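None of the values given here were measured: they were computed from a predicted structure. One-based numbering, in listed order, for ligands and for the atoms of each.
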Amino acid sequence: MSPSKLDSTDSFGHEEASVSCSKPENGCVDSLSIFHSEKAVEELLQQTPVAGMDEHLIEFSEALRTVAKALRRAAEGKASAQAEAAEWKWRYELERTRNIQMEQKVSGNNNCEMLRHWWIRSSLDNAMDMLRIMLPCLFFWEVGKEQNKRIAEARMAEQFSAEKNGDLDCERVKNSDNQSMLQNESNEHSETGCMKHGIWSHEVLRDRESDSNSNADRNKIMRKASFKLSWWCNGENGDQHKHDIVSFERGNITTAERSSKQISLKWESDPQTVLILTKPNSVSVRILCVQMVRWLRERKKLNVYVEPRVKVELLAESSNFSYVQTWKDDSEISHLHMKVDLVITLGGDGTVLWAASMFKGPVPPIVPFSLDSEHFKDCLDSVLRGPISITLRHRLLCRVVRDAAKNEYETEEPFLVLNEVTIDRGISSYLTNLECYCDNSFVTCVQGDGLILSTTSGSTAYSLAAGGSMVHPQVPGILFTPICPHSLSFRPLILPEHVTVRIMVPFNSRSPAWASFDGKDRKLLAAGDALLCSMAPWPVPTACQVDSTNDFLRSIHDGLHWNLRKTQSFDGPRDRDL
Ligand SMILES: NC(=O)c1ccc[n+]([C@@H]2O[C@H](COP(=O)([O-])OP(=O)(O)OC[C@H]3O[C@@H](n4cnc5c(N)ncnc54)[C@H](O)[C@@H]3O)[C@@H](O)[C@H]2O)c1
Ligand SMILES: Nc1ncnc2c1ncn2[C@@H]1O[C@H](COP(=O)(O)OP(=O)(O)OP(=O)(O)O)[C@@H](O)[C@H]1O
């Protein structure tokens, strides 16, 4: 029988049996053969072998479903066991950290030391046992043996409670150990464990926890949800970038340090080379410079560097100054930080800014001298002897990114500013239109004369004049201060130190903007251009007269006459008269 094909119905259900059949060798259509073909197909469909095959297939697919179900259950068991193992591992690490901390705190006491070592070792053993128990658990869960799982859980619970008892025992040992310490502090702590001023002390919190032997208290400790604090900088999430000021102890968050403390500089070897930078065109500065160079060389036997302009001035004064060193070009300036131990500035704030701008990377300690410095010898003596208090003044790293060269990030030299970067309207009479982003979050659109991104050191300069707050120079942060904003609600902001601020001139801006860096080096920002600003890794260490706080307060009182007001007279109405 020759093969034939039966066409199906159309979309309206009308039968349209277009029949194509094989042609017999003589070329005529054989209607009888069509009939036979249909019959053959029908017969084929009714044949028992096909029905039999279907049954096999159903059986096979059911078997497959059972296998898949078993596999899924095993995978779920495994995942849950793994999660629990991770939880145990984490608890174990937490215990270990606590043990190490405890060990450090009571290292003076030998008896307790031995007990503690024993306890630490047994805790570690317990933890290892727990892990050992976890492995069979994994296996049991995988094969779905419910009974074995329950046994394993019971063993773990037993182990945990044993470990917990060990913990409390040790806490009790530690508690007795700490008794004398607490007694010493008894003047400060009241019966309820409060400090004199009602603030809980760290020790009291810990001792109260360990003191609580009642079941209720113990349960309270057990029930407290545990958590972990970790964070990182600029996309790094490795442990090495974790901040170290927040500690986690039994669910309590405590901070040890919040910003840099007063920093002290102690020379480990004697300073050899000094760079003196001076304000130009000042007679008093020139006189002071001559005296200082002579004293540093003749009395202190130091190498002295000055700017080429100053060397010319010194040589004009006397040919004896030929020992003074200088540089010929910018490439030599870039190596100065490797030669110079100390920078002395003779001038005002502008001269310190000038000094900082010479160092595009690390900056040696700067000793700023004002012009009225009669006692420079005493002062320099104590600086050269050390130790000295210094303020680490943070700088901002600013990059201009051109729209035309979006993908060439490094095309323009970055700027380091000690005070601020200002983006303003320049000579244009139109409002600036600046789109501001902080780490890719939209901040606002500045419409006004411009915007100042300032360091905290620069907070007393241009930013202050524009309405920004005065901030202690050791507070890390970026001040975001608008200049004459055309909006009554635009208040200045202070952003955290770790952010990157992006200021963009939008394409619909009527005019370009201008960026200036510490009041110098103006750069045009055309539509589409942006300025990126973040905290620089190289601060400017400046020597303090007393310490950073005293110097800051003195500078705002003396330099800016902050809150200067005639003292109210004593006579007049009093509270008791009311
Ligand atoms: N309207 C303003 O207040 C205004 C305008 C432009 C520039 N400035 C500031 O001037 C700085 C450049 O200083 P310069 O000496 O090269 O220029 P400059 O010679 O024009 O002096 C500017 C003044 O700002 C003072 N100053 C600079 N930095 C300071 C600081 N951190 N704290 C307190 N006062 C400070 C200086 O002592 C000087 O009196 C810029 O970084 C900017 O902060 C301020
Ligand atoms: N070594 C230098 N070379 C070139 N320019 C300098 C140098 N030192 C300072 N300047 C510039 O001289 C200007 C004035 O400097 P500075 O602020 O120290 O003096 P001042 O205005 O008398 O001080 P202040 O206003 O703080 O009392 C600033 O613009 C600064 O950039």
Side-chain angles (χ1 to χ4, degrees), residues 275-286 288-289 292-293 305-314 326-327 330 333 336 340 343-359 366-373 391-396 398 415-426 448-475 477-484 492 514-522 533 539-540 542 544 548 551-562:
L275 165 65
I276 302 179
L277 296 171
T278 62
K279 178 172 89 163
N281 308 324
S282 164
V283 177
S284 51
V285 164
R286 196 181 300 176
L288 182 61
C289 181
M292 198 177 274
V293 170
Y305 270 88
V306 294
E307 291 165 277
R309 164 184 57 83
V310 179
K311 178 147 188 188
V312 172
E313 286 170 6
L314 288 171
T326 188
W327 54 87
D330 284 0
I333 296 178
L336 269 182
V340 169
V343 180
I344 296 171
T345 60
L346 305 182
D349 298 322
T351 313
V352 177
L353 293 178
W354 181 265
S357 72
M358 284 181 60
F359 296 92
I366 294 182
V367 185
F369 268 100
S370 57
L371 312 183
D372 53 358
S373 239
T391 303
L392 286 186
R393 295 180 184 276
H394 301 284
R395 291 197 284 182
L396 296 176
C398 310
F415 290 90
L416 284 164
V417 294
L418 177 55
N419 265 358
E420 78 286 286
V421 53
T422 307
I423 304 103
D424 59 32
R425 60 192 172 87
D449 279 0
L451 176 75
I452 300 167
L453 296 175
S454 168
T455 62
T456 44
S457 287
S459 70
T460 47
Y462 199 178
S463 170
L464 176 71
S469 193
M470 291 192 286
V471 189
H472 190 298
Q474 296 219 159
V475 176
I478 302 176
L479 281 75
F480 183 95
T481 314
I483 309 169
C484 298
W514 289 84
S516 64
F517 308 88
D518 280 342
K520 304 235 172 345
D521 297 319
R522 282 178 90 69
C533 178
V540 177
T542 55
C544 301
S548 61
D551 284 15
F552 170 65
L553 294 174
R554 212 195 49 254
S555 78
I556 62 171
H557 283 130
D558 298 354
L560 301 169
H561 308 296
W562 179 61

Report yes if Gly350 has an N/O atom closer than 3.5 Å to an N/O atom of ligand 2; otherwise report no. yes
Sub-4.0 Å protein heavy atom near atom 38 (C) of ligand 1: no
Below 4.0 Å from any atom of ligand 2, is there a heavy atom belonging to Leu277? no
Which bit of Leu353 is near ligand 1, meaning a heavy atom under 4.0 Å away: side chain, backbone, both or neither? side chain
Give the numbers and elements of all ligand 2 atoms closer than 4.0 Å to a heavy atom of Thr278. 1 (N), 2 (C), 7 (C), 8 (N)
Are there over 12 heavy-atom neighbours, none belonging to Asn281, within less than 6.0 Å of that residue's CG? no
Output yes when a protein non-hydrogen atom is found under 4.0 Å of atom 13 (O) of ligand 1, and no otherwise. yes
Evaluate the 4.0 Å heavy atom contact test for atom 41 (O) of ligand 1: does a protein atom fall under the cut-off? yes
Using a distance threshold of 4.0 Å (strictly less than), state whether atom 28 (N) of ligand 1 has a protein heavy-atom neighbour. yes
Check ion pair Asp518-Arg395 (N to O, under 4.0 angstrom): no
Should the ring pair His557 and Trp562 be called parallel, tilted or perpendicular, given that the plane angle runs from 0 to 90° and is split at 30 and 60? tilted
Distance filter under 4.0 Å to Glu307 heavy atoms, resulting ligand 2 atoms: 1 (N), 2 (C), 3 (N)
Ligand 2 atoms in contact with Thr351 (distance to a heavy atom under 4.0 Å): 8 (N), 9 (C), 15 (O), 16 (P), 18 (O)
Do you see a protein non-hydrogen atom under 4.0 Å from atom 22 (C) of ligand 1? no
Going by a strict under-4.0 Å cutoff (protein heavy atoms only), does atom 16 (O) of ligand 1 have a neighbour on the protein? yes
Asp349, Thr422, Val352: member with heavy atom nearest to atom 26 (N) of ligand 1: Asp349
Numbering the atoms of ligand 2 from 1, which are under 4.0 Å from a heavy atom of Gly347? 18 (O)
Without swapping roles, check the side chain of Ser454 against the backbone of Asn419 for a donor-acceptor pair under 3.5 Å. yes
Atom 43 (O) of ligand 1: the protein heavy-atom neighbour that sits closest, reported with distance to 0.1 Å: Glu420 OE1, 2.4 Å
Evaluate the side-chain proximity of Val471 to Leu479: yes if any heavy-atom separation is below 4.5 Å, no if none is. yes
Got a protein heavy atom sitting under 4.0 Å from atom 34 (N) of ligand 1? yes
Note: Ala466, heavy atoms under 4.0 Å from ligand 1, region reported as neither
Checking the side chain of Thr345 only, and the main-chain atoms of Leu277 only, is there a donor and an acceptor separated by less than 3.5 Å? no
With heavy-atom distances below 4.0 Å as the criterion, list the atoms of ligand 2 near Lys520. 29 (O), 31 (O)
Please check: side-chain N/O of Ser459 versus main-chain N/O of Met470, any donor-acceptor pairing under 3.5 Å? no
Hey, does Gly348 sit under 4.0 Å from ligand 1 if you only count heavy atoms? no
Is the ring pair Phe415/Phe517 parallel, tilted or perpendicular, if the boundaries are 30 and 60 degrees? parallel
Please identify which atoms of ligand 1 are closer than 4.0 Å to at least one heavy atom of Ser457. 31 (N)
Hey, which atoms in ligand 1 end up nearer than 4.0 Å to a heavy atom of Thr460? 30 (C), 31 (N), 32 (N), 33 (C), 34 (N)
How about atom 31 (N) of ligand 1: does it have a protein heavy atom within less than 4.0 Å? yes
